[in-house]
2 protein chains.
Amino acid sequence: METIEQVLESKNIRVTAMRLLIYKFLAEKQVAATLSDIEKAFEKADRTTLYRTVKTFVEKAIVHQIDDGTGITKYALCEQDCSCEIETDLHLHFHCNNCNETICLTDHKIPKIKVPDGFISEQINLVVKGLCDKCSA
Amino acid sequence: METIEQVLESKNIRVTAMRLLIYKFLAEKQVAATLSDIEKAFEKADRTTLYRTVKTFVEKAIVHQIDDGTGITKYALCEQDCSCEIETDLHLHFHCNNCNETICLTDHKIPKIKVPDGFISEQINLVVKGLCDKCSA
DNA sequence: AAACCCATGCAATAGAAGTGCATTTTTATG
DNA sequence: CATAAAAATGCACTTCTATTGCATGGGTTT
């Protein structure tokens, strides 16, 4: 089991108190978080710091950025074996129209999509919207 | 061949000069347009009017709203036989990472996506990103 | 200890999206 | 045709997300 410090160091991210806290917050959350979620969780910290911390995490590929169609970017920790920095990685997310939460469906892979001649596919963003297990009951 | 007036009337949208112009603009454009694209094309008109016109078009299902992951909502005319108001309709769009344009791939359908037990799928948003035919050359 | 790098904090801004209200235009009705 | 009602347009303002410039401060290196 890797410690958070080791995860950060392995990606050349300096370990700071703030970064450990934000990492833990994302790790404990089962759903993708918005910046404003993170702000609410760390009211003492400055918004810019949170913004830049998350940005660093995204750039260093320990967090991936999710666009679920709400217009608000969400963030979630990458899986251990996540390859979201690789072009061919396939993201699949579920967005609940009721509770407005977004969940990574990591074990549901996306089928190969055909594109017309001359088009080159680099990434695929797939968001399924509907009711999550908690809201469909 | 249906006139624009007939299209609008068939959806219970009042025909106004502004609406005809915006419809024509979208019809001539081969790629999806942002509100700001439309603003640039109609600088004499007020932003609110453009905003509300597009909103009306979306509500009446003659335009569909595209979320291509740039964070900016784009709009494109529905096809004649477009069923985007129906829950099960499958949208597929291509976003070019180079020219930043978004294209509807209307004849490329989306395969059925499985979701875990308890989840109910209502809509699917699929955006393929990469290089379009013009930029890949 | 000094110099430096980088994280953090503060302030300000840009840009998209949305709302309330007044005014004008269009449609409906007598 | 006149007039009332309804809808469209225009203006001003607000909210929210995202982003940047600059100053400060803590930790690391030499």
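Reckoned from all heavy atoms, side chains included, excluding hydrogens, waters and symmetry mates. Convention: sequence-line order gives letters A, B, ...; per-chain numbering from 1.
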Residue pair B:T34 / B:K74, side-chain donor-acceptor N/O under 3.5 Å
no
Roughly how many Å is it from [atom1] in [X] to [atom2] in [N], rounded to a whole number?
{"X": "A:E59", "N": "C:dC6", "atom1": "CD", "atom2": "P", "result": "14 Å"}
{"X": "A:L50", "N": "C:dA7", "atom1": "CG", "atom2": "P", "result": "14 Å"}
{"X": "B:R19", "N": "C:dT27", "atom1": "CZ", "atom2": "P", "result": "11 Å"}
{"X": "B:L20", "N": "D:dA8", "atom1": "CG", "atom2": "C1'", "result": "13 Å"}
{"X": "A:N12", "N": "C:dA7", "atom1": "CG", "atom2": "C1'", "result": "16 Å"}
{"X": "B:D67", "N": "C:dA16", "atom1": "CG", "atom2": "P", "result": "15 Å"}
{"X": "B:E43", "N": "D:dG10", "atom1": "CD", "atom2": "C1'", "result": "16 Å"}
{"X": "A:L8", "N": "C:dC6", "atom1": "CG", "atom2": "C1'", "result": "15 Å"}

Does a side-chain N or O of B:T16 approach OP1 or OP2 of D:dA7 to a distance below 4.0 Å, or not?
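For B:T16, the contact criterion (side-chain N or O under 4.0 Å from OP1 or OP2 of D:dA7) is not met.
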Contact under 4.0 Å: A:T49 side-chain N or O vs C:dG9 OP1/OP2
yes
Go through the steps for A:H64 and A:H93 under the test side chain to side chain contact (heavy atoms under 4.5 Å, CB included), then give the verdict.
CA-CA 11 Å; A:H64 66 272; A:H93 298 105; 3.2 Å; yes
Begin from the C-alpha positions of A:F25 and A:I38 and carry the test side chain to side chain contact (heavy atoms under 4.5 Å, CB included) through to its verdict.
CA-CA 8 Å; A:F25 174 75; A:I38 301 174; 3.7 Å; yes
What string of B, S and - do you get for nucleotides 12-29 of chain D, 5' to 3', when a contact is any protein heavy atom under 4.0 Å?
B-----BBBBB-------
Side chain to side chain donor-acceptor pair (under 3.5 Å) involving A:N100 - partner list, sequence neighbours excluded
A:H95
Salt bridge present between B:E122 and A:K129 (N-O < 4.0 angstrom):
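No, this pair does not count.
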Please check: side-chain N/O of B:T102 versus main-chain N/O of B:A32, any donor-acceptor pairing under 3.5 Å?
no
Given 3.5 Å as the limit, does a donor-acceptor pair link the side chain of B:R19 with the main chain of B:R14, or not?
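Checked: pair present.
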Contact class for A:T53 (heavy atom, under 4.0 Å): base, sugar-phosphate, or nothing?
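Counting heavy atoms under 4.0 Å across all strands, the contact made by A:T53 is with sugar-phosphate only.
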